[in-house]
Amino acid sequence: MEAIETRYRTHTCGQLRKSDVGKEIKLAGWVHSYRDHGGLVFIDIRDRDGLTQLVFDADLCGHAVHEESRKLRSEWVVSISGTVTARGEGFENPKIPTGQVEVRVKTMEVLSISPTPPFMIDEYEKVSEERRLQYRFLDLRRPQMQETLRTRYKVTKTIRDFLGDLGFWEIETPFLTRSTPEGARDFIVPSRLAPGNFYALPQSPQLFKQLLMVAGCDKYMQIVRCFRDEDPRADRQAEFTQLDVEMSFIDVENITSIMEQLVAKLWKEILGVEVKLPLMRMDYDLAMNKYGCDRPDLRFGMELCDITELAHTLDFGVFKNAPMVKCIVVPGGGKFSRKETDALAEWAKGFGAKGLAVTKVTATGVDTGIAKFLAPVAAKLIEATGAKEGDLLCFAADSPKVVHKVLGELRLKMFRDMKIEPNQKYAFLWVVNFPAFDYDEEEGRYAATHHPFTAPNDEDLAKLDSKDRATVESIKSKAYDIVCNGSEIGGGSIRIHRIDTQQKVFAQLGLSEEQQKHKFGFLLDALAYGAPPHGGLAFGIDRLVMILRGISNIRDVIAFPKTQSGADLMCGAPNTIDDKQLREANIRVAMPPVAEKKPA
RNA sequence: GGGGGUGUAGCUCAAUUGGUUAGAGCACCGGACUGUCGAUCCGGAGGUUGCGGGUUCGAUCCCCGUCGCCCUCGCCA
């Protein structure tokens, strides 16, 4: 970073090199550390660019400044003037880029003082996250956090440059918008001017970007905050940032091609890594069958093996009565103790399984666990799965949904627990041809797999009128997700641009004409007035930055994140508001009833 | 809403089966020191063991409740 010259500084604290020796300069920054040798005082001064060692010697700066330098403490803010000097031989510090020089101070101005900080701004010090979040303004001074903020800016800058060059316009869409009860829970905002009415914060600008296509904007992008009132997770936050993109007159291959070029550019610019294009396209059905998951991690094998037919030949109730039986081979899993495999079964129950059947592969067949039931097909089983001596076979027998969930999760757990060596650092792919509809057993109706505006595949359009469950569930859609290392980093679809198709999809979702008009009337109006074929996608910027920085916690890539209970520990949000504000918003608070205490 | 983990000095952690005055490193305060750079040396101060209750002669430790934080299931078109 080049400093912009001001009354406080001519250079930054990471800038000076041997070529600057002899210059009279000014630096400003925070006192990072001090080493007081009595007659000679060393101060490391820090700004976001780096560290520079200052030397206070009474012979050069006079007694007053020398005495003042001995009073400096951590995180005070100072501006100094002095001379850049080469460090003597053996006194260089190879750990920092400015380590070949130091600044012999002549004058100093203390700009701010600080109490002893609750933790040191130091890469060595481990601090609890609670404390970091409480003092986020100090935490963000730490080099790792500054590096993440810098990466995050580089990501958005690269995106804007890339898409801008291709003719995309960045267009803002409203935050105060209409609640659409589909999907996640909305954050709501009371309307003062319309008592009893509410805005909702957008879960994404989905409908607005489609309207922009109808409006003839052709190519739209926006880096935009989205809001979903659901429980946070390690990779989920109530407010998060998306790159939102939409284009007119395109089909699936056009948008995925442009977007994977963008991804390759990001990896090149930020990591210097070449991503080989085009990325693999994998059908949703294949992903589910082989990996039990619609965002497979392709950095390792351990694929799911379908043994339903083989299993049904056995006289083993658990297998015989299950609609689907699959297994995975855990390499080297034969060393697991009974206790460990029992623990795995217990863990599997957390995903809806009744348990987890296992057996160990030996030189002659299978042993332990459910080996005695498998005996008649042991040879065929080992051949089908490719298992070797010393491996562990894990079986799930249940509905396809449960089988895939359990084995998909088990696959990931074994990758982590067994520390399996990944076959590549970044495994990208597109997952395509998602089913259009998902039957919700509880609600007794279909839900859109992606969202209700996703275009069905051309060859499936005729099936939209069907009432036959198998037919409807066989409809595939022009939706696509981009996945990296098992994390969904983006997703989108070609949208429906014909009003008749949109109405048919709404009808399959169980929306009456009246409900359609009430909830999405403005979209149907827009589609009636000449909508171009269009489609787009959204990237999760937070998750992108997580992968690019190798960070596993979303809070570490957000400047001011919230805790798992939705609190901002620094500013104290959310908080109560006073009666006047409530009255103006026409809100009366009704606290939830207190749960009855259990008798002691 | 459910399951699991966790909370002790400013920070990170320890404390035997429930038993003396709850310790250590770093940070902090005072002093010494002209080549340190995670400085060193000498000395010092620092505790509502998250909070409330219970059992006990005695609780950081056991029990009940409660709060914060983390992971997770549900949820996240």
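First the proteins, then the strands, lettered A, B, ... as listed; each starts at 1. Basis for what follows: all heavy atoms, side chains included, without hydrogens, waters or symmetry-related copies. Treat the numbers as computed from the prediction; the structure is a model and nothing was measured.
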K.L.:
Could you tell me which nucleotide pairs with B:rG7 by Watson-Crick or G-U wobble geometry, both distances under 3.5 Å, or answer none if nothing does?
P.N.:
B:rC67
K.L.:
Taking atom types as they are modelled, is there a donor-acceptor pair under 3.5 Å from the base of B:rU36 to the side chain of A:Q53?
P.N.:
yes
K.L.:
Any idea which of B:rC69, B:rA27, B:rU36 is nearest the A:T563 side chain?
P.N.:
B:rC69
K.L.:
From the options B:rC37, B:rC29, B:rC76, select the nucleotide whose nearest atom is closest to the side chain of A:R73.
P.N.:
B:rC29
K.L.:
Any idea which of B:rC28, B:rC75, B:rG35 is nearest the A:T116 side chain?
P.N.:
B:rC28
K.L.:
Output yes when A:E68 and A:K71 qualify as a salt bridge under the 4.0 Å nitrogen-oxygen rule, no when they do not.
P.N.:
no
K.L.:
So, is A:Y34 near the phosphate of B:rC28, with a side-chain N or O under 4.0 Å from OP1 or OP2?
P.N.:
yes
K.L.:
Does A:D59 reach a base, just sugar-phosphate, or nothing at all? Heavy atoms under 4.0 Å.
P.N.:
base
K.L.:
Taking 4.0 Å as the cut-off, does a side-chain nitrogen or oxygen of A:Q564 come that near to OP1 or OP2 on B:rC71?
P.N.:
yes
K.L.:
Mind checking the P distance from B:rG35 to B:rU20? Whole angstroms is fine.
P.N.:
48 Å
K.L.:
Have a look at A:S204 and say if it touches a base, only the backbone sugar-phosphate, or nothing, with a 4.0 Å heavy-atom cut-off.
P.N.:
base
K.L.:
Are A:R73 and A:E75 ion-paired here, with the side-chain N under 4.0 Å from a carboxylate O?
P.N.:
no
K.L.:
Report the distance from atom CH2 of A:W347 to atom P of B:rG5, rounded to the nearest whole Å.
P.N.:
18 Å
K.L.:
Is the NZ or CZ atom of A:R132 positioned over A:F119's six-membered ring, under 6.0 angstrom from the centre and within 45° of the axis?
P.N.:
no
K.L.:
Please classify the nucleic acid contact of A:A567 as base, sugar-phosphate, or nothing, using heavy-atom distances under 4.0 Å.
P.N.:
sugar-phosphate
K.L.:
Compare the minimum distances between each of B:rC70, B:rC37, B:rG38 and the side chain of A:D44, then state the nucleotide with the smallest one.
P.N.:
B:rC37
K.L.:
For A:E409 and A:P117, find the nucleotide of RNA chain B closest to each by heavy atoms; which residue's nucleotide sits nearer the 5' end?
P.N.:
A:P117
K.L.:
CG of A:D556 versus P of B:rC69: gap in Å, rounded?
P.N.:
16 Å
K.L.:
Check the distance between B:rG50's C1' and A:L569's CG and give it to me in whole angstrom.
P.N.:
14 Å
K.L.:
In whole Å, I'd like the distance from the CD atom of A:E92 to the C1' atom of B:rU36.
P.N.:
14 Å
K.L.:
Do we see A:F42 stacking on the base of B:rG35, given a limit of 5.5 Å between centres and 30° between planes?
P.N.:
no
K.L.:
State whether A:E239 and A:K562 are salt-bridged, where the test is any N-O pair (Lys NZ or Arg NE/NH1/NH2 against Asp/Glu carboxylate O) under 4.0 Å.
P.N.:
yes
K.L.:
Could you tell me the Watson-Crick or G-U partner of B:rG44, where both distances fall under 3.5 Å? Say none if there is no partner.
P.N.:
B:rC28
K.L.:
Return the value, rounded to whole Å, for the distance between atom CD of A:E123 and atom P of B:rU12.
P.N.:
18 Å
K.L.:
Could you tell me if A:N485 and A:D297 have a donor-acceptor pair between their side chains, going purely by distance under 3.5 Å?
P.N.:
no
K.L.:
Below 4.5 Å, heavy atoms only, C-beta onward: do A:V41 and A:V55 meet side chain to side chain?
P.N.:
no
K.L.:
With heavy atoms under 4.0 Å as the rule, sort A:E89 into base, sugar-phosphate or nothing.
P.N.:
nothing
K.L.:
Here's a test for you: under side-chain hydrogen bond (donor to acceptor under 3.5 Å, both in side chains), which of A:R141, A:Q53, A:R46 qualifies with A:H32?
P.N.:
A:R46
K.L.:
When you measure from the side chain of A:F91, which nucleotide among B:rC11, B:rC75, B:rU36 comes out closest?
P.N.:
B:rU36
K.L.:
Select base, sugar-phosphate, or nothing to describe what A:E102 touches, counting heavy atoms under 4.0 Å on all strands.
P.N.:
base
K.L.:
Would you mind classifying the nucleic acid contact of A:P452 as base, sugar-phosphate or nothing, using non-hydrogen atoms under 4.0 angstrom?
P.N.:
base
K.L.:
Which value, in whole Å, describes the distance between the C1' atoms of nucleotides B:rC64 and B:rC28?
P.N.:
39 Å
K.L.:
Between B:rG68 and B:rC37, how far apart are the C1' atoms? Round to whole Å, please.
P.N.:
39 Å
K.L.:
Taking the same atom, P, in B:rG7 and in B:rU49, what whole-Å distance lies between them?
P.N.:
15 Å
K.L.:
Using a 4.0 Å heavy-atom cut-off across all strands, classify A:R132 as base, sugar-phosphate, or nothing.
P.N.:
nothing
K.L.:
Counting only side-chain nitrogens and oxygens, does A:S128 get under 4.0 Å of the OP1 or OP2 atom of B:rU12?
P.N.:
yes
K.L.:
Which whole-number value in Å describes the distance from A:F187 CZ to B:rC76 P?
P.N.:
15 Å
K.L.:
Taking atom P of B:rC69 as reference, at what distance in whole Å does atom CG of A:D568 sit?
P.N.:
11 Å
K.L.:
Is any side-chain nitrogen or oxygen of A:S565 closer than 4.0 Å to OP1 or OP2 of B:rG68?
P.N.:
no
K.L.:
Taking atom types as they are modelled, is there a donor-acceptor pair under 3.5 Å from the base of B:rC33 to the side chain of A:R35?
P.N.:
no
K.L.:
Any N or O donor-acceptor pair under 3.5 Å from the base of B:rC76 to the side chain of A:R236?
P.N.:
yes
K.L.:
Can a side chain N or O of A:R87 be found less than 4.0 Å away from OP1 or OP2 on B:rU36?
P.N.:
no
K.L.:
If you only use heavy atoms from C-beta on, which nucleotide in B:rU72, B:rU34, B:rA27 is closest to the side chain of A:L40?
P.N.:
B:rU34
K.L.:
Hey, what's the ring geometry for A:F506 with A:F453, parallel, tilted or perpendicular (30° and 60° as the breaks)?
P.N.:
perpendicular
K.L.:
Identify, between A:N553 and A:S33, the residue whose nearest nucleotide on RNA chain B lies closer to the 5' end.
P.N.:
A:S33
K.L.:
If you check every side-chain atom of A:V127, which of B:rU34, B:rU72, B:rC11 has the closest atom?
P.N.:
B:rC11
K.L.:
Would you say whether A:H37 stacks on B:rG35? The test is a distance between ring centres of less than 5.5 Å and an angle between planes of less than 30°.
P.N.:
no
K.L.:
I'd like the P distance from B:rG23 over to B:rU40, given in whole Å.
P.N.:
25 Å
K.L.:
Classify the side chain of A:E230 and the base of B:rG74 as holding, or not holding, a donor-acceptor pair under 3.5 Å.
P.N.:
no
K.L.:
Tell me what A:D229 touches on the nucleic acid: a base, only sugar-phosphate, or nothing, going by heavy atoms under 4.0 Å.
P.N.:
nothing
K.L.:
Distance check needed: B:rG50 P versus A:R131 CZ, whole Å only.
P.N.:
13 Å
K.L.:
Using purine N1 to pyrimidine N3 plus N6-O4 or O6-N4 for Watson-Crick, or N1-O2 and O6-N3 for G-U wobble, each under 3.5 Å, what pairs with B:rC13?
P.N.:
B:rG23
K.L.:
Phosphate oxygens OP1/OP2 of B:rC73: is one of them under 4.0 Å from a side-chain N or O of A:K349?
P.N.:
no
K.L.:
Looking at A:E246 and A:R495, is there a salt bridge between them, counting it only when a charged N and a carboxylate O are closer than 4.0 Å?
P.N.:
yes
